[in-house]
Peer 1: 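Quick one: structure below, then a few questions.
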Amino acid sequence: MVSYKELGLVNSKEIFKKAIAGKYAIPAFNFNNMEQMQSIIQACVETGSPVILQVSSGARKYANQTLLRYMAQGAVEYARELGKNIPIVLHLDHGDSFELCKSCIDMGFSSVMIDGSHLSYEDNVALTRKVVEYAHQHDVTVEGELGVLAGVEDEVSAEHHTYTEPAQVEDFVKRTGVDSLAISIGTSHGANKFKPEQCTRDAQGILVPPPLRFDILEEIEKRIPGFPIVLHGASSVPQEYVATINKYGGAMKDAIGIPEEQLRKAATSAVCKINIDSDGRLAMTAAVREVFASKPAEFDPRKYLGPARDELKKLYMHKVNNVLGSAGKA
Ligand code: G3H
Ligand code: 13P
Ligand code: ZN
């Protein structure tokens with residue numbers, strides 16, 4: 001049993017409280033490898049932002065959970081070395097069982113998500129409650145989810161959104177004891193969040209997706225005032241990355257994300273954690289493809305992963321400065 005406190009990590013309690021009061025959101029960036037971790041920490045140290053390092057089940061399988069834990073521990077030291085002691089949370093993204101959450105808590109995670117959103121309401125309550133009971137014994141914070149996002153969540157995929165039912169949130173929060181709640185108001189995972197036929201076109205002919213359901217968010221906020229809300233599936237899918245990927249041999253079709261103004265607006269509400277993974281994947285892929293195409297003789301991984309890391313850092317700094325508003329809040 002390792003406590004996250006020994007590793008210099010923090011849980012999400014205090015940073016969420018400050019984010020709601022200060023009307024900004026904390027970035028939750030997924031990481032699977034060293035370059036992603038380095039760019040997240042560099043960007044958040046330079047902008048002075050608190051950060052949530054997220055590990056999915058897929059990341060655990062890909063990189064090994066022990067290595068990821070040590071990388072997060074290293075991230076704390078690395079941030080100090082770069083000159084700033086920013087709050088760093090190590091969070092399990094989309095935990096799907098009590099055993100997985102327990103294993104993460106026991107090895108030093110400071111926060112876990114138990115995603116029972118695909119279960120019946122009562123089973124979601126029971127599973128989430130069980131995780132909360134264990135997590136709180138160790139001062140680990142827990143994120144639950146109500147409502148189902150369209151798209152793919154690990155192995156589970158849903159064709160359509162099931163928006164969060166505001167009438168359920170008060171009961172869910174009270175009975176489970178969760179510390180934050182992920183909701184479904186029109187975001188979804190991945191790079192293809194909307195079909196072109198769901199969008200309209202602006203004066204420049206650019207596709208504009210349907211707006212998020214801020215009416216549902218407001219209804220939820222009325223029922224659980226000041227309670228930390230989480231937005232998953234919040235990548236904006238920058239079209240310049242999609243264009244670069246396609247220019248250099250990629251084949252990404254109809255890649256559409258959540259407009260940044262919508263996320264800026266959400267960040268000023270009780271939404272205090274915004275999850276971004278796909279945008280980072282696009283940034284890395286665009287940078288790597290560009291190196292491969294323009295320097296075909298290059299075969300040193302540092303020569304393509306290095307530019308990918310630089311591009312990621314630029315993206316994360318932009319998110320923190322211009323979308324989430326968490327710069328300078330560390
Ligand atoms: O919500 C899903 C995250 O983007 C993690 O994706 O399960 O492919 O690691 P992954
Ligand atoms: P995106 O696929 O929109 O980046 O969402 C990531 C996410 O929600 C991770 O849990
Ligand atoms: Zn998610």
Side-chain angles (χ1 to χ4, degrees), residues 12 25-33 35-37 39-40 51-65 67-68 71 89-97 100-101 104 109 111-118 142-158 161-162 164 180-194 209 212 229-239 241-242 252 254-260 262-263 266-267 271-286 312 315-316 318-320 323-324:
S12 63
I26 313 285
F29 296 135
N30 290 69
F31 82 110
N32 301 264
N33 63 37
E35 283 76 11
Q36 289 171 321
M37 194 276 273
S39 55
I40 295 169
V51 69
I52 298 171
L53 291 171
Q54 295 204 133
V55 171
S56 69
S57 305
R60 287 171 86 250
K61 279 183 213 137
Y62 173 77
N64 178 279
Q65 61 167 342
L67 280 176
L68 290 173
M71 279 169 70
V89 175
L90 177 60
H91 175 78
L92 169 68
D93 193 21
H94 294 286
D96 61 356
S97 68
L100 172 57
C101 292
C104 288
F109 280 58
S111 176
V112 293
M113 174 187 194
I114 178 69
D115 183 354
S117 62
H118 299 278
V142 180
E143 175 184 325
E145 181 166 335
L146 262 184
V148 182
L149 276 65
V152 181
E153 289 184 1
D154 273 320
E155 277 85 32
V156 186
S157 74
H161 304 285
T162 307
T164 304
S180 60
L181 183 67
I183 60 166
S184 172
I185 55 166
T187 61
S188 62
H189 292 100
N192 296 79
K193 299 188 190 298
F194 304 97
L212 297 180
I229 302 294
V230 177
L231 268 196
H232 282 248
S235 277
S236 294
V237 188
Q239 292 302 299
Y241 290 145
V242 176
M252 295 200 66
D254 298 339
I256 305 168
I258 312 293
E260 289 185 339
Q262 301 256 315
L263 299 168
V271 169
C272 59
K273 171 176 181 270
I274 291 191
N275 287 10
I276 297 170
D277 187 6
S278 297
D279 283 355
R281 297 178 181 193
L282 292 169
M284 281 195 100
T285 303
L312 259 185
L315 169 82
Y316 291 142
H318 164 68
K319 296 285 180 188
V320 163
V323 185
L324 309 190

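Hydrogens, waters and symmetry mates are skipped; everything else that's a heavy atom, side chains included, is used. Whatever order the structure lists them in is the order used to number ligands and atoms, beginning at 1.
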Peer 1: At under 4.0 Å between heavy atoms, is it the side chain or the backbone of Ala234 that contacts ligand 2, or both, or neither?
Peer 2: backbone
Peer 1: Going by the order shown, which atoms of ligand 1 are within less than 4.0 Å of some heavy atom of Asp277?
Peer 2: 3 (C), 4 (O), 5 (C), 6 (O)
Peer 1: So how far is it from Cys272 SG to Ile52 CD1, rounded to the nearest 0.5 Å?
Peer 2: 7.5 Å
Peer 1: For the atom pair CE (Met284) and CG (Leu315), what is the distance rounded to the nearest 0.5 Å?
Peer 2: 11.5 Å
Peer 1: Find all atoms of ligand 1 within a distance of less than 4.0 Å from any non-hydrogen atom belonging to Asp93, and give their numbers and elements.
Peer 2: 1 (O), 3 (C)
Peer 1: Looking only at distances, can you tell me whether any N or O atom of Asn32, backbone or side chain, sits closer than 3.5 Å to an N or O atom of ligand 1?
Peer 2: no
Peer 1: Measure from the side-chain N and O atoms of Asn192 to the backbone N and O of Asp254, and report whether any donor-acceptor pair falls under 3.5 Å.
Peer 2: yes
Peer 1: Using a 4.5 Å cut-off on heavy atoms from C-beta on, say whether the side chain of Val55 contacts that of Tyr62.
Peer 2: no
Peer 1: Polar contacts were defined as any N/O atom of the residue lying under 3.5 Å from an N/O atom of the ligand; does this apply to Ile276 and ligand 2?
Peer 2: no
Peer 1: Write out the residue and atom name of the closest protein heavy atom to atom 9 (C) of ligand 2, then the distance separating them to 0.1 Å.
Peer 2: Asp93 OD2, 3.1 Å
Peer 1: Give me the atom names and distance for the closest heavy-atom approach of His232 to Leu149.
Peer 2: CB-CD2, 3.6 Å
Peer 1: Restricting to N, O or S atoms, which atom of His94 is closest to the Zn ion (ligand 3)?
Peer 2: NE2
Peer 1: Have a look at the Zn ion (ligand 3) and estimate, to 10 degrees, the angle subtended by ND1 (His232) and NE2 (His189).
Peer 2: 120°
Peer 1: Against heavy atoms of His94, which atoms of ligand 2 measure under 4.0 Å?
Peer 2: 10 (O)
Peer 1: Say you draw a straight line from CE of Met37 to CG of Asn32; how long is it, rounded to the nearest 0.5 Å?
Peer 2: 12.5 Å
Peer 1: Does Asn30 reach ligand 2 with a nitrogen or oxygen that is under 3.5 Å from one of the ligand's nitrogen or oxygen atoms?
Peer 2: no
Peer 1: Within the side chain of Ser184, is there an N or O that forms a donor-acceptor pair under 3.5 Å with the backbone of Val148?
Peer 2: yes
Peer 1: Which option, His232, Lys193, His189, owns the non-hydrogen atom nearest atom 3 (O) of ligand 2?
Peer 2: Lys193
Peer 1: Side chain or backbone, does Asn30 bring an N or O within less than 3.5 Å of an N or O on ligand 1?
Peer 2: no
Peer 1: Under the 3.5 angstrom rule, does the side chain of Lys273 hit a backbone N or O of Val230 as a donor-acceptor pair?
Peer 2: no
Peer 1: Whether the side chain of Gln239 engages the backbone of Ala255 through a donor-acceptor N/O pair (distance < 3.5 Å, no angle test) should be reported.
Peer 2: yes
Peer 1: So if I count the atoms of ligand 1 from 1 in the order they appear, which ones are less than 4.0 Å from some heavy atom of His189?
Peer 2: 1 (O), 2 (C)
Peer 1: Should the proximity of Gln54 to ligand 1, defined as any heavy atom under 4.0 Å, be assigned to the side chain, the backbone, both, or neither?
Peer 2: neither
Peer 1: Can you find a pair of side-chain heavy atoms, one from Gln54 and one from Met113, that are under 4.5 Å apart?
Peer 2: no
Peer 1: Does the Asp279 side chain pair with the main chain of Ser236, one donor and one acceptor, at a distance under 3.5 Å?
Peer 2: yes
Peer 1: Suppose we measure from atom 8 (O) of ligand 2 to each protein heavy atom; which comes out shortest, and what is that distance?
Peer 2: Gly233 N, 2.8 Å
Peer 1: Output the list of atoms in ligand 2 that are nearer than 4.0 Å to some heavy atom of Ser235, sorted by atom number.
Peer 2: 1 (P), 3 (O), 4 (O)
Peer 1: Judged by atom type as modelled, is there a donor-acceptor pair below 3.5 Å linking the side chain of Ser235 to the main-chain atoms of Ser278?
Peer 2: yes
Peer 1: Going by the order shown, which atoms of ligand 1 are within less than 4.0 Å of some heavy atom of Ser56?
Peer 2: 5 (C), 7 (O), 9 (O), 10 (P)
Peer 1: With respect to Ser278, determine whether any N or O atom, backbone or side chain, lies less than 3.5 Å from an N or O atom of ligand 2.
Peer 2: yes
Peer 1: I'd like to know if Arg281 contacts ligand 1, where contact means a heavy-atom distance under 4.0 Å to any ligand atom.
Peer 2: yes
